[in-house]
Amino acid sequence: MLRRVNTRSDPALHEVGSRARTQPPPPAIVFDALTDPDRDPARPWLVLLDDEQRPRVLEAAYPELVVWSSLWPRRPDARVRFELASDGRAGSLVRWRLLAAEPLPDGSLLGHLRKRLNQLVNADLRYTFGQ
């Protein structure tokens, strides 16, 4: 399951989680939401928990790639890589990949991190697009 992933920001990261789901808008709109989560104050979606911090955009290639810094102060090495593509219709296929350096998170923490990313991207962000 673990896979080493090379990114410009850190070549020694391992993929420790991944999920791909469709989103209603095209990749350019999702890209904008990921690079500027506060762009529409009427529809906030990046609502953080007490153990989380705002991510910074470390890499971006319009409109197909966004890499965030860690959401979790206790795992500052973590990165979230978003790969955006057309879903073949009017929407997007959004894949998030959770990347971490060794020592890798234990099972309990890893489950929490994956669940939070899934909630933020595949629920909270999706709801801002009307689904």
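Below, each value reflects all heavy atoms present in this structure, side chains not excepted, and no hydrogens, waters or symmetry copies. Since the structure is predicted, the reported quantities are computational estimates derived from the model, not experimental observations.
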- Query: For Leu93, does its backbone N or O pair with a side-chain atom of Thr22 as donor and acceptor, under 3.5 Å?
  - Reply: no
- Answer with yes or no whether the side chains of Arg21 and Asn122 bring together a donor and an acceptor at under 3.5 Å. no
- Should Leu125 and Leu120 count as side-chain neighbours, where that means a heavy-atom distance under 4.5 Å? no
- Backbone of Glu83 reached by a side-chain donor or acceptor of Glu64 within 3.5 Å: no
Show me the donor-acceptor pairs, under 3.5 Å and distance only, between side chains in residues 103-112 and residues at least two apart or in other chains.
residue	atom	partner	partner atom	Å
Asp106	OD1	Ser108	N	3.1
Asp106	OD1	Leu109	N	2.8
His112	NE2	Asp51	OD2	3.2

- Could you grab the distance from atom CZ of Phe129 to atom CD1 of Ile29, nearest 0.5 Å is fine? 7.5 Å
- Look only at the side chain of Glu102 and the backbone of His14, and say whether a donor-acceptor pair between them is shorter than 3.5 Å. no
- Just how far is it from atom CH2 of Trp96 to atom CZ of Arg114, taken to the nearest 0.5 Å? 7.0 Å
- Can you tell me how far CH2 of Trp72 sits from CD of Gln53, rounded to the nearest 0.5 angstrom? 10.0 Å
- Mind checking the CZ-CG spacing from Arg19 to Asn118? Nearest 0.5 Å is all I need. 4.5 Å
- Message: If you define the side chain from C-beta out and look only at heavy atoms, does anything of Val80 sit under 4.5 Å from Leu117?
- Response: yes
- side chain to side chain contact (heavy atoms under 4.5 Å, CB included) filter on Leu48, not counting sequence neighbours, yields Leu46, Glu52, Arg54, Leu71
- Query: When rounded to the nearest 0.5 angstrom, what distance separates CZ in Arg56 from CG in Leu58?
  - Reply: 5.5 Å
- According to a 4.5 Å side-chain heavy-atom criterion applied to Ile, Leu, Val, Met, Phe, Trp and Tyr, with indirect links allowed, do Val30 and Val57 form part of one hydrophobic cluster? yes
- Compare all side-chain heavy atoms of Leu98 with those of Leu113 and state whether any distance is below 4.5 angstrom. yes
- Is the shortest heavy-atom distance from the side chain of Asp87 to the side chain of Ser92 under 4.5 Å? no
- Query: Charged N to carboxylate O under 4.0 angstrom, Asp77 versus Arg75?
  - Reply: yes
- For residues Val121 and Phe82, determine if any side-chain heavy atom of one lies less than 4.5 Å from a side-chain heavy atom of the other. yes
- Task: Look only at the side chain of Arg79 and the backbone of Trp68, and say whether a donor-acceptor pair between them is shorter than 3.5 Å.
- Result: no
